[in-house]
Amino acid sequence: MTSPRSVIGRILPPSAVWEEAFDDSAASELFPEEEAVTRGAAPQRVSEFRTVRRCSRQALEKLGVPPAAILPGPRREPRWPSGIVGSLTHCEGYRAAAVARCHDFAALGIDAEPHLPLPAGLLPKVARPEELVRLAQLTARYPTVHWDRLTFSAKESVYKAWSPLAQSWLGFHDAALIIHPLRRTFHARLYAAGCVLDGRPLMAMTGRWTVEGSLIGTSVAVDAPVTALPHGAATTAAPPHSAICRS
Ligand SMILES: CC(C)(COP(=O)(O)OP(=O)(O)OC[C@H]1O[C@@H](n2cnc3c(N)ncnc32)[C@H](O)[C@@H]1OP(=O)(O)O)[C@@H](O)C(=O)NCCC(=O)NCCS
């Protein structure tokens with residue numbers, strides 16, 4: 001597998017910070033409570049867990065946040081220190097963490113996948129009928145990109161942003177993507193209720209994608225509600241912030 005210089009860094013907004021690794025060779029210490037989470041796991045799982053936690057702490061350091069244990073929440077979502085949102089991904093040959101401040105984003109989602117076709121038969125489970133039509137058109141026009149795998153990855157990014165906000169499940173058919181092949185962006189229309197931001201249901205997310213070497217990367221960033229802006233910048237009272245951001 002070729003190792004490009006950066007995958008996730010190409011598709012994150014400027015106020016998010018990130019760290020990535022293409023192998024597990026660097027020393028990566030865990031907090032005891034993190035060790036406890038990985039007890040009994042397969043060696044490869046322990047390795048990716050260690051590396052992505054190191055990436056997380058290095059990314060947090062860029063925001064001036066001291067090292068902290070990143071433990072899974074009730075839906076396996078990473079639980080970030082107070083005032084931080086973020087997302088993790090790992091696949092063969094790649095691990096990455098992205099974090100940002102709650103007053104910049106309500107949620108982040110990142111995902112990486114090998115740039116290979118999805119296993120046979122999986123696409124109809126991932127894409128809605130109207131997306132299958134669009135994906136066939138993309139494949140005919142731009143056959144070098146594995147649009148099926150890219151769709152899968154983009155939807156996993158959507159889920160990683162959705163889940164901590166809504167605290168609920170989102171199935172693959174609960175979102176429909178329109179992928180822009182030249183701008184390398186995507187728009188996700190959401191068909192599930194359960195998440196309200198700024199007093200309005202969250203019905204869409206936007207994201208970015210890239211193909212770098214043998215990897216696909218996707219990201220989603222949900223803007224923070226206006227009411228989550230730092231003190232003095234907001235025009236209305238602060239929201240029940242714990243709904244979107246641990247404090
Ligand atoms: C959770 C899920 C997206 C993880 O994706 P994956 O390809 O298996 O694994 P990745 O390596 O890219 O990501 C794993 C990381 O995702 C994060 N994650 C897991 N569950 C999560 C959740 N509910 N919310 C946010 N992040 C989550 C974790 O940080 C995990 O890393 P860790 O276990 O080391 O902490 C996937 O297993 C899943 O359940 N998908 C079905 C739901 C979905 O994608 N719906 C599409 C809606 S349009």
Side-chain angles (χ1 to χ4, degrees), residues 8 11-18 59-60 63-65 68 70-89 97-111 127-128 130-131 151 153-180 183-209 218-247:
I8 219 67
I11 51 171
L12 285 172
S15 45
V17 296
W18 52 276
L60 287 169
L63 293 179
V65 178
I70 314 296
L71 296 169
R75 296 176 187 276
R76 285 187 47 225
E77 75 280 9
R79 288 180 59 78
W80 299 100
S82 169
I84 300 294
V85 293
S87 184
L88 306 178
T89 188
V99 291
R101 295 206 176 273
C102 284
H103 57 244
D104 288 323
F105 297 104
L108 293 179
I110 64 169
D111 190 73
R128 292 163 60 102
E130 69 270 27
E131 295 179 282
T151 298
S153 176
K155 289 195 172 189
E156 292 216 314
S157 281
V158 166
Y159 178 69
K160 290 179 190 178
W162 166 270
S163 174
L165 282 176
Q167 289 293 315
S168 64
W169 175 249
L170 191 71
F172 282 100
H173 283 199
D174 292 330
L177 302 188
I178 294 179
I179 301 171
H180 198 295
R183 286 191 211 131
R184 296 192 165 209
T185 57
F186 59 89
H187 176 91
R189 167 92 204 269
L190 306 178
Y191 294 96
C195 184
V196 175
L197 279 183
D198 261 344
R200 284 189 294 272
L202 181 67
M203 298 309 293
M205 292 186 189
T206 53
R208 297 173 65 190
W209 64 269
T218 59
S219 72
V220 164
V222 180
D223 284 338
V226 172
T227 46
L229 290 171
H231 188 66
T235 51
T236 52
H241 206 47
S242 57
I244 56 165
C245 185
R246 280 218 294 160
S247 53

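Please read these numbers as outputs of a predicted model, since none were measured by experiment. Computed over heavy atoms, backbone and side chain alike; hydrogens, waters and symmetry mates excluded.
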Would a 4.5 Å heavy-atom cut-off, applied to side chains only, mark [X] and [Y] as touching?
| X | Y | answer |
| --- | --- | --- |
| K160 | T89 | yes |
| F186 | V158 | yes |
| P81 | I70 | yes |
| E156 | F172 | yes |

[atom1] of [X] to [atom2] of [Y]: how many Å apart, nearest 0.5 Å?
| X | Y | atom1 | atom2 | value |
| --- | --- | --- | --- | --- |
| S87 | L12 | OG | CG | 9.5 Å |
| M203 | L190 | CE | CG | 6.5 Å |
| I110 | I8 | CD1 | CD1 | 4.5 Å |
| L63 | I84 | CG | CD1 | 5.0 Å |
| S168 | R75 | OG | CZ | 6.0 Å |
| L177 | W209 | CG | CH2 | 12.5 Å |

- [ ] Give a yes or no answer on whether the side chain of W18 reaches the backbone of A97 with a donor-acceptor pair at less than 3.5 Å.
- [x] no
Checking [X] now: which residues fulfil side-chain contact (heavy atoms from CB on, under 4.5 Å) with it, not counting sequence neighbours?
| X | result |
| --- | --- |
| A221 | P13, F105, L108 |
| R76 | none |
| H187 | A204, T206 |
| I178 | R134 |

TODO: Report the residues that fulfil side-chain hydrogen bond (donor to acceptor under 3.5 Å, both in side chains) with R189, sequence neighbours left out, ordered by chain and then residue number.
DONE: none
Task: Counterpart residues, side-chain hydrogen bond (donor to acceptor under 3.5 Å, both in side chains), relative to S153 (two or more places apart) - done: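 Listed in chain order: D111, T218.
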- [ ] For W162, check ring pair (Phe, Tyr, Trp, His ring centres under 6.0 Å) against everything at least two apart and list the hits.
- [x]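 W162 satisfies ring pair (Phe, Tyr, Trp, His ring centres under 6.0 Å) with no other residue.
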Open item on the list: List the residues meeting salt bridge (Lys or Arg N to Asp or Glu O under 4.0 Å) with R128, not counting sequence neighbours, and say none if there are none.
Closed with: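 E130.
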